[in-house]
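What follows is one structure encoded as structure tokens, with my remarks underneath.
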Amino acid sequence: MTRDEVAALDAADPLAGRRERFDLPDGVIYLDGNSLGALPRATPDHVGRVVREEWGRGLIRSWNSAGWIDLPQRVGDKIGRLVGAAEGQVVVADSTSVNLFKALAAATRMRPGRRVVLSERGNFPTDLYIVQGLADLADVALRMVEREEIPSAIGADTAVVMLTHVDYRTGAMHDMAAVTRAAHEAGALMLWDLAHSAGALPVDLDGCGADLAVGCGYKYLNGGPGAPAFLYVAARHQEAFRQPLTGWMGHAAPFAFGTAYEPAPGIRRALCGTPAVLALAALEAGVDELLAVDMAELRRKSLGLTRLLRDLVAEECAGFGLTPVGPEDPDRCGSQVSVAHPQGYAVMQALIARGVIGDFRAPDIMRFGFAPLYIRYADVWEAVRILKDILTTGAWDRPEFHRRAAVT
Ligand SMILES: *Cc1c(COP(=O)(O)O)cnc(C)c1O
């Protein structure tokens with residue numbers, strides 16, 4: 001691959017024009033949109049308008065006149081279009097962690113007599129921690145197995161199988177349809193965490209028969225730091241879905257101010273407290289960027305980017321102790337590439353110092369995320385050129401690159 005060939009890929013890229021819609025700093029190659037999505041240019045104005053007009057002028061009237069009260073469902077339905085969920089099955093609320101708690105508590109109540117939440121040992125820690133917290137309160141047990149053991153480990157005691165669709169560390173992607181089928185054949189429910197899928201690749205929750213799902217607003221959905229998360233409850237389960245955070249926003253009649261909790265019909269019952277209107281406004285602007293493109297097109301570009309990084313690293317950086325992590329076949333991965341290096345932390349800090357922002361995941365993984373809306377093939381080329389330079393010169397071996405930051 002030559003630099004000219006890479007430039008030709010950008011010239012032929014049908015999504016190339018989308019990059020202009022993001023406000024990216026000069027001199028930065030941002031390969032961390034899987035941790036915090038970039039800022040859409042439309043967001044400051046949209047949020048500013050909500051602040052100045054809806055809040056400033058409309059004041060409390062805006063709950064009705066600006067439709068604030070329906071924002072969790074309205075933005076939820078938009079996210080639903082990205083993850084294959086028909087209307088009325090997704091709400092935006094709380095964080096992914098809190099939504100996991102609500103979904104797991106409801107799911108285990110829907111499978112009385114079964115107490116196991118089955119997951120994989122490599123799952124994202126918060127997912128596993130939330131089950132442990134639930135197990136302190138309810139007759140629930142966490143069972144963790146290796147990825148390959150999952151289908152055979154689903155048994156008569158499994159209430160719910162909880163998996164992250166795309167592994168945050170390796171990028172490996174589960175076969176959503178097949179695993180969901182295996183869960184159902186054993187009588188269990190299937191809960192998917194879409195943190196590294198939503199907005200990165202096509203997902204078909206309804207088509208796969210998924211029961212429950214959660215996902216993140218601040219990663220590929222570009223909702224901004226700490227953006228609220230989403231929760232999917234398949235329509236067929238909503239009647240039986242009883243979640244424990246029985247706040248007034250999930251009540252059938254919140255403004256009747258009665259003393260007895262009664263869940264709202266439909267997906268609204270998944271809400272707890274007052275929605276974060278300003279954060280929802282930012283999230284909506286981020287989601288709109290994705291709704292403007294075809295997810296299959298997005299996936300094609302994502303595969304082009306990840307393939308190029310893998311190929312260039314293999315060609316250019318051989319002999320420097322880099323080891324590819326995760327499945328070899330990019331079709332079995334999400335929109336990220338991970339490479340292990342014994343000094344991965346320091347190498348990543350050196351990359352960041354040179355403007356190539358990826359991240360590090362213990363114990364030794366350098367992770368590069370590719371948000372296809374704003375990453376160019378030329379960025380991949382340049383990132384590998386800088387990586388090669390850092391490895392060749394040993395520029396990573398400086399004291400400041402070894403000092404661990406609070407957030408990595
Ligand atoms: C990022 C991520 C989360 C984040 O959860 P928060 O509650 O938003 O902190 C959860 N699960 C997975 C798999 C993630 O990658």
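Reckoned from all heavy atoms, side chains included, excluding hydrogens, waters and symmetry mates. In each ligand, atom 1 is the first atom listed, and ligand 1 is the first ligand listed.
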Inset, instruction - Name the orientation class of the two ring planes belonging to F360 and Y345 (parallel below 30°, tilted from 30 to 60°, perpendicular beyond 60°). - result: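 Answer is perpendicular, since the angle exceeds 60°.
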Closest protein heavy atom (residue, atom, distance) for [atom]:
| atom | result |
| --- | --- |
| atom 7 (O) of ligand 1 | S97 OG, 2.6 Å |
| atom 8 (O) of ligand 1 | Y218 OH, 2.8 Å |
| atom 5 (O) of ligand 1 | T96 CB, 3.5 Å |
| atom 15 (O) of ligand 1 | K219 NZ, 2.6 Å |

Inset, instruction - For residues Y374 and N222, determine if any side-chain heavy atom of one lies less than 4.5 Å from a side-chain heavy atom of the other. - result: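 Sidechains of N222 and Y374: in contact.
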Legend entry - Minimum non-hydrogen distance to atom 12 (C) of ligand 1, winning option of D193, L194, V166: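 Selected option, by shortest heavy-atom distance: D193.
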Legend entry - Backbone or side-chain N or O of T126 under 3.5 Å from ligand 1 N or O: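 No - when backbone and side-chain N and O of T126 are compared with those of ligand 1, no distance drops under 3.5 Å.
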Legend entry - D127, any N or O under 3.5 Å of ligand 1 N or O: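 D127 vs ligand 1: N/O contact under 3.5 Å present.
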Do [X] and [Y] sit within salt-bridge range, that is, some charged N less than 4.0 Å from a carboxylate O?
| X | Y | answer |
| --- | --- | --- |
| R236 | D211 | yes |
| D139 | R115 | yes |
| R19 | D379 | yes |

Inset, instruction - Could you tell me which atoms of ligand 1, counted from 1 in the order shown, lie closer than 4.0 angstrom to a heavy atom of A195? - result: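 Every atom of ligand 1 under 4.0 Å from some heavy atom of A195: 2 (C), 12 (C), 13 (C), 14 (C), 15 (O).
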Inset, instruction - Tell me which part of N123 gets within contact of ligand 1: side chain, backbone, both or neither, using heavy atoms under 4.0 Å. - result: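 For N123, no heavy atom sits under 4.0 Å from ligand 1.
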Legend entry - Any donor-acceptor N or O pair under 3.5 Å, side chains H402, D397: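 Present: a donor and an acceptor within the cut-off.
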